Chemist: 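Quick one: the structure is below, and I'll ask about it shortly.
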Amino acid sequence: MHSGPLDLCPSLNPGGSMHKYIISRLLSLIPVILAVSFIVFFIVDLAPGDVVDIIAGTEVSVADKAVMREEMGLNKPLLVRYFRYMGGMLRGDMGISYVTNKNVFDIYMSRLPATLLLASVGTIVALAIAIPLGITAAVHQNTWLDSSSMVIGLLGLSIPTFWLGLMLIIVFSLKLGLFPSIGNQTLLSIVLPAITVGSGQAALTMRTTRSSMLEVIRQDYLSTARAKGVPEKVVIRKHAFKNALIPILTVIGTQFGVALGGAVMTETVFAWPGVGRLLVDSISNRDTLMVTGSIILTTILSSIVMLLIDIAYAFVDPRIKARYVK
Amino acid sequence: MKKKLFAAILSFTMVFLFTVDCFGQSESYQKTITIAPSLGFTSMDVQNDASATSKSVYLIVFDTLVKYDTKNGKYIPGLAESWKQLSDTLWQFKLRKGVTFHDGSPFTAEDVKFTVDRGLTQSGAKGKFVSIKSVKVVDNSTVNFELTAPDYDLVYKLCEPNTAIMCKKTFNEKGIEAANKNGTGSYMYKEWVQGDHVTLVRNDKFWGGPKKTAELVIRTIPEASSRLIALQTGEVDYCVDPPAVDLHYIAEDPKLVLWQIPSTNIRHIILNLKVAPLDNILVRQAVAHAINRENLIAMVYEGNATPAVNVMHPNSEFYAQVPYYEYDLQKAKKLLADAGYPKGFTTTIYSSSGTTQKAVASVIQAQLAEIGITVKIQSLETATFNMGVGHGGTYPIAVDGWGGYAIGPDYALRSVFHSQGNVNRSNIEDKNIDKLIDDALAMGNQEERAKKYAEVQQLIMKNANWLPLAVEQINIGVKKSLSGFEPPHGLFHHWENLYITKK
């Protein structure tokens, strides 16, 4: 699905325009959606029990449950249901959630802003931790600064999200009263969930920053810059970091794409109304249409993010840009 | 210039603060009460939704014909002012006059007829209206219910939230979505953000007089620890089911109060009558004698539950003192040997993936090991569990819960022990029990009825196919300043009278 900077060229004629490339990437989404929707539909169907078992509770007789299944069309074979669903999709209708009786697209869209906010601020937090630590580790390779940066990064990766979230709530909400513990009602609400998401993401970005910087840092052109009397800070920031950016961008993009699928644990601890919890709840409710719809929409969103990252390469690296601009 | 600007800002600020203060004082109660139930609000589908939180909201936004007074356990008039029986199968309800729906439409007998007629075709309401053959509108404020057979549980069923009265006019003109939002209750829907919260605003024209709190917010906080912390930080005022191990935090906090109320839920295990060797009554009796309820309650509930020794809920007026198989390992071992299993046997206990259910399964596993029965635990996710232990299922033992008594004695017993019951999970088929349950429902004389129900309770307890373990507790943490608390009835909470007086 996702193509990095190296396979950018084969997907496009050299000298072809950027917008052709974008269109071809968007078109490639169609088979992906077809495959994803079928697999999800099939897997939810494989799971024992159905939505009627969940919504009817214990108060409905077996005969009435059968009637409910018929009304919902659940008694039809899998393929019939799937093609009906896809027929609806073609008309832009993602169906009605069996559980909430609301339009699948509307529900997803009502939860998306919270997820976008959490993913964005979480990524910013991750960058704020990872980039300085990664650069420091690379510049001071094999010193105590390097090792302690790595330890901090590893801690972020290995502390369970659930635990970290609860600890942050206990310290910063309960004891210090600085931030709200739940929901997304105020501006301050984002702080603790974003730290929870960000610290988990930071580790990988940090390691990538470190190794990418290490590759660049001993290049001849940096020695030249130093010889010309360019201050060390500028050498690192302008000459080294900019050239090390491509792999870092790839990691950030991938992590942001994943975050768009929702951060289930963080959302649960902070009662954050994002798409992650929506998806998990829908799976346990066997709400097939909601599950399939959410996954398709998340796939589209993640693909768009990947595409934007690929486009961003061109702005970061003039060599890539030169391939598209005549 | 600067001085003038400063003076202007200062005077504006003072006027602003004064105005805010005046308005603030006009209401002496806290404007919003935030409630955090353990489950989220799932839909506005009044006649179908089976989830406890949704139903608790319907109880506030809508009204039922009959209401349950949780303070003294009496059934009191709701939208019906009074009711009487004209014959065994004919009931007359006199309706409250001058009641309007939230959109201003008057409430009439036509709305009752519409609600029942539609309800009979909807999964959730059908079970409660099932004995009603037809509804006849006598005049604007009188309806007659003609029943298919005598049903002396009708009044219990008519206070169930799925039977709430809906507006016929709204349904005809605007469709079901609008009708599902338009009730006659003390609060109206303001906003529903799926998965986050539902906000209700006070209905100032409520027939019972406006409530004290202007706004109720019902928030979804799925994680129990987060729910408790939100109560401690003051973000919520009413927290249902905080983690059982953390209850002492509430008790120790001078700003909070812990309410512990017996729930309607009887935690029990089901022994499947169609699976060997549990089809042998001696084996079932052995299992029953091996169960140590006190130990189970200490292990699973940290002592916050009471032993259940009957299939009927102890709060029911039809609860009977019947013999049960007390904890006695010697008797259990002997019975097992008599049944031909002196060295025990191997079986499986099924449970859903809920924390309590899994813990009960583990304790039962340990207790049955004492008499040589090796139990494997199979814990399944809820949908899978519900399907697996349905009528005709092949699981040997299952951990389950049952809170049916809130909808009347007939519902409590028929659903689980009648051969045609919806949740007859032990696969019991006993003509004698079926007849007793059918006869009792048609009895107007409470004493006669109680005798029949006592007989059913005795038969089931003797048969040992459904072993009651504990009456669970509902734990609710609230702010000390919160007033108007009413204990929940069944799984339904009563939130409409909550308020906090401003100091």
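Note that the structure is a prediction, hence the values are computed from the model and not measured. Letters A, B, ... mirror the listed sequences (proteins, then strands); counts begin at 1.
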Chemist: Measure the OG-OH distance between S43(B) and Y98(A) for me, rounded to the nearest 0.5 Å.
Modeler: 15.5 Å
Chemist: Say whether E235(B) and S181(A), considering side chains only, have a donor N or O and an acceptor N or O under 3.5 Å apart.
Modeler: yes
Chemist: Which region of V236(B), side chain (C-beta onward) or backbone (N, CA, C, O), has a non-hydrogen atom less than 4.5 Å from a non-hydrogen atom of chain A, or is it both or neither?
Modeler: side chain
Chemist: What part of L174(A) lies closer than 4.5 angstrom to a heavy atom of chain B: side chain, backbone, both or neither?
Modeler: both
Chemist: Rounded to the nearest 0.5 Å, what separates atom CD in E71(A) from atom OG1 in T121(B)?
Modeler: 7.5 Å
Chemist: Which distance, rounded to the nearest 0.5 Å, do you find between the CG of N180(B) and the CG of N101(A)?
Modeler: 8.0 Å
Chemist: Check each atom of I182(A) against the heavy atoms of chain B and say whether the ones under 4.5 Å are side chain, backbone, both or neither.
Modeler: both
Chemist: Does the S226(B) side chain pair with the main chain of V269(A), one donor and one acceptor, at a distance under 3.5 Å?
Modeler: yes
Chemist: I need the minimum non-hydrogen distance between D196(B) and Q185(A), along with the two atoms involved.
Modeler: OD2-NE2, 3.5 Å
Chemist: Check whether any side-chain heavy atom of T100(A) lies under 4.5 Å from a side-chain heavy atom of W192(B), and answer yes or no.
Modeler: yes
Chemist: Okay, side chain of R277(A), backbone of P222(B): is any donor-acceptor separation there less than 3.5 Å?
Modeler: no
Chemist: Please say whether more than 12 non-hydrogen atoms of neighbouring residues, nucleotides or ligands are located less than 6.0 Å from CZ in F162(A).
Modeler: yes
Chemist: Taking every non-hydrogen pair under 4.5 Å, which of L166(A), N285(A), V67(A) racks up the most with chain B?
Modeler: L166(A)
Chemist: Identify which part of R219(B) has an atom lying under 4.5 Å from any heavy atom of chain A, answering side chain, backbone, both or neither.
Modeler: side chain
Chemist: As an exercise: rank T233(B), D49(B), V193(B) by heavy-atom pairs under 4.5 Å with chain A and give me the winner.
Modeler: T233(B)
Chemist: Any idea which of R111(A), M68(A), E267(A) has the most non-hydrogen atom pairs under 4.5 angstrom with chain B?
Modeler: R111(A)
Chemist: What do you reckon, is CZ of F172(A) surrounded by more than 12 foreign heavy atoms closer than 6.0 Å?
Modeler: no
Chemist: Would one find more than 12 heavy atoms of other residues, nucleotides or ligands at under 6.0 Å from atom CG of L176(A)?
Modeler: yes
Chemist: Got a sec: does the CZ of F105(A) have more than 12 other heavy atoms crowding it under 6.0 Å?
Modeler: no
Chemist: Out of G183(A), P180(A), S110(A), return the one with the most heavy atom pairs under 4.5 angstrom to chain B.
Modeler: P180(A)
Chemist: Less than 4.5 Å apart, side chain to side chain, heavy atoms only: is that true for E223(B) and F270(A)?
Modeler: no
Chemist: What part of N48(B) is in contact with chain A, defined as an atom under 4.5 angstrom from a non-hydrogen atom: side chain, backbone, both or neither?
Modeler: backbone
